[in-house]
Undergrad: 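First the structure, then my questions, so here it is.
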Amino acid sequence: MSKPPIIEIRDLKKKYRVGEVDVHALRGANLSVGDGEFLAIVGHSGSGKSTLFNILGGLTPATSGDIHLGGQDLLAMTDLDRTKMRRGTVGFVFQKYNLLPTLTAHDNIALAEQLAGTHNMNQPWFQEVLASLGLANRILHKPRALSGGEQQRVAIARALVTQPKILLADEPTGNLDTENSIAVLEIMRSINKKYGQTILMITHNPEAADFADRKVRMKDGRVLDDGFEPIF
Amino acid sequence: MTNKLVLENLKHRPIRTLLVVFAIAIQVNLMLTLVGMSHGMLNDFQRRSRGVGADIIIRPPNTSVLSMSAPSMKEAMVGYLLEQPHISDALGVTVHNMEGFLNSATGIDIKKFDQFSGGFTFKSGGSWKTKNDVIVDEYYAAQRKLKVGGPVTMMNRDWNVSGIVESGKMSRIFMDVDVLQDLTGNTGKYSQIYLKVDDAKNVDAIVDQIKALPAMKEYPIYSMQAFTSLISIDNAPGLRPFLNVIVGLAVVVGFLVVFLSLYTAVLERTREIGILKSLGATPSFVIGLLFRETIALSIVGSMMGVGLSYATQWLIATLIPASLQMQIVYEWWPISMAVAVFASLIGALYPGYKAARQDAVEALAYE
């Protein structure tokens, strides 16, 4: 890692209850992610990668351990603190795009900006991002009028408009065909290189993981060695 | 952007939005119609009472302004009252209650009535020629589709319409006082006596003078001004509680409609709520969205309700103008709107709470 870590996770545990059964989703995960790094986390279903994604995004609290994100201690945060963190520190790209169906692409982005209290939509750098995402002619369409690839590009724009320290992507190509998958991954890599955007991508697709600078594997709630053996 | 999201959410389910707006409109219309009818009918009664042209009215003992009793004042009372100082004219009438609130048939001596009140303004036909003739006002004729010379059945008897008059004098149906008295078993008895005084400025003093007469001690005696001012919702037995019950029912209806609609909407929008939370929306932001939606629905519904009240007024005036009178009561617009907004916000409370408490991870996984 060439830059100081922006994410530091030590002995992170997460236990939740399903019915009457305790599920140990994370069993002492450790991970460091450098500022400006593009990291892929791979693993089978149930390995704990989605739980890690949710904790990093402040969507759910960890049970124990240490987790620092951009210098902030997530474990010490209240619900409201995590809500505030989601407005600007992290940006999400989900497998199912998760755009608000009633708003246009433009308004989906504008709403994220409004919630974060930023004013970046008309900044030259963001216009450049929009141009690189190829959304200029589709920005006034509602999600139902956009293809999967277009929706995912809108989701990327929405995540970036608040200039988050970390872009969290959960299976961003999971619902896309090969052509659109490559396009989205190239966009993410380009954003990482051009703007130094830290990206943490969760995927079970080895080809998608290849777009990252570094890959780690999760298994049974732990992050395995960076030295990462092929598992596919 | 928040308002746009509210608007787009409402547009996204147009049928549901329209149904909620319509239900709130019905709720508001219900309030405005009942209040409008209460005011309309009382004002109409007031107008018709004033239309007689009397200065003083005397009613039988144990009656109030809006309640009637059987005719019990002997005809001789009219002569007795005419002998009193400052009384320039007197008219006794017999009233028989008919269908509908404040509707009645009135028995009059047509010559004395004309002399006292200035007479009817006939729209068609004229005064009665036989004891089987009746005069009706224009509203009663319109409601029962009556024509001059045509038959009308009232009080289990067939009558002939001899004339149709402008509304505004005392009653809607008029017949010979002797006929009505005989028919109702009140021969020689009046329900009301109207008096005119020589100087209207002294009317209150003359009322006191009549009240002081030993023979008149038990009779309610009012100046016409006092009498008509007492014709109000608060003096109509049970009317105020009735209106309060209707407003209460309107609150319950508004609450239920909005509760059901928003409860469904929150379930349906579970994923959207998760998305908003992932973007950093606080619980108060989510509740705020639902409250704005509720306020928008109730304001539009209230406006539609006001519009519907005009349609209801037109329907009443067209179909049953004699039985019911509805007035547009502007002061009740903000009241009914406030009731609708209040009831709707109460209805939005639980769905809003449920939405705000939604777990973001579970909401995002909702299919």
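Below, read A as the first sequence line, B as the second, and so on, with proteins coming before strands; counting in each chain starts at 1.
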Undergrad: Chain A heavy atoms under 4.5 Å from Leu7(B): which part of the residue, side chain, backbone, both or neither?
TA: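 Nothing of Leu7(B), per the 4.5 Å heavy-atom cut-off to chain A.
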Undergrad: Among Thr83(A), Leu59(A), Asn98(A), single out the residue with the greatest number of heavy-atom pairs under 4.5 Å to chain B.
TA: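 Counting heavy-atom pairs under 4.5 Å, the top option is Asn98(A).
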Undergrad: How many angstroms lie between CG in Leu279(B) and CG in Leu115(A), if you round to the nearest 0.5 Å?
TA: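 Atom-to-atom, Leu279(B):CG and Leu115(A):CG are 6.0 Å apart.
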Undergrad: Answer with side chain, backbone, both or neither: which region of Lys277(B) has an atom nearer than 4.5 Å to a non-hydrogen atom of chain A?
TA: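 Lys277(B) touches chain A through backbone and side-chain heavy atoms alike.
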Undergrad: Can you tell me how far CD of Gln114(A) sits from NZ of Lys4(B), rounded to the nearest 0.5 angstrom?
TA: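 Going from the NZ atom of Lys4(B) to the CD atom of Gln114(A) covers 11.5 Å.
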Undergrad: Report which part of Asp107(A) has an atom under 4.5 Å of a heavy atom belonging to chain B: side chain, backbone, both, or neither.
TA: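 For Asp107(A), backbone and side chain are both near chain B.
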Undergrad: Find the distance between CZ (Arg271(B)) and NZ (Lys96(A)) and round it off to the nearest 0.5 Å.
TA: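 Going from the CZ atom of Arg271(B) to the NZ atom of Lys96(A) covers 5.0 Å.
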Undergrad: Between the side chain of Arg87(A) and the main-chain N/O of Ala281(B), is any donor-acceptor distance below 3.5 Å?
TA: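 It does not hold such a pair.
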Undergrad: Is Leu99(A) in contact with chain B via its backbone, its side chain, both, or neither, using a 4.5 Å heavy-atom distance?
TA: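 For Leu99(A), the backbone is the part near chain B, not the side chain.
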Undergrad: Look at Pro283(B), Ser278(B), Gly274(B) and state which one has the largest set of heavy-atom pairs under 4.5 Å with chain A.
TA: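 The option with the most such pairs is Ser278(B).
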Undergrad: Contact part of Ile275(B) toward chain A, heavy-atom cut-off under 4.5 Å: side chain, backbone, both or neither?
TA: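 It is the side chain, since no backbone atom gets that close.
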Undergrad: Counting only non-hydrogen atoms closer than 4.5 Å, does Arg82(A) touch chain B with its backbone (N, CA, C, O), its side chain (CB onward), both, or neither?
TA: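 For Arg82(A), there is no contact with chain B at all, as no heavy atom is under 4.5 Å.
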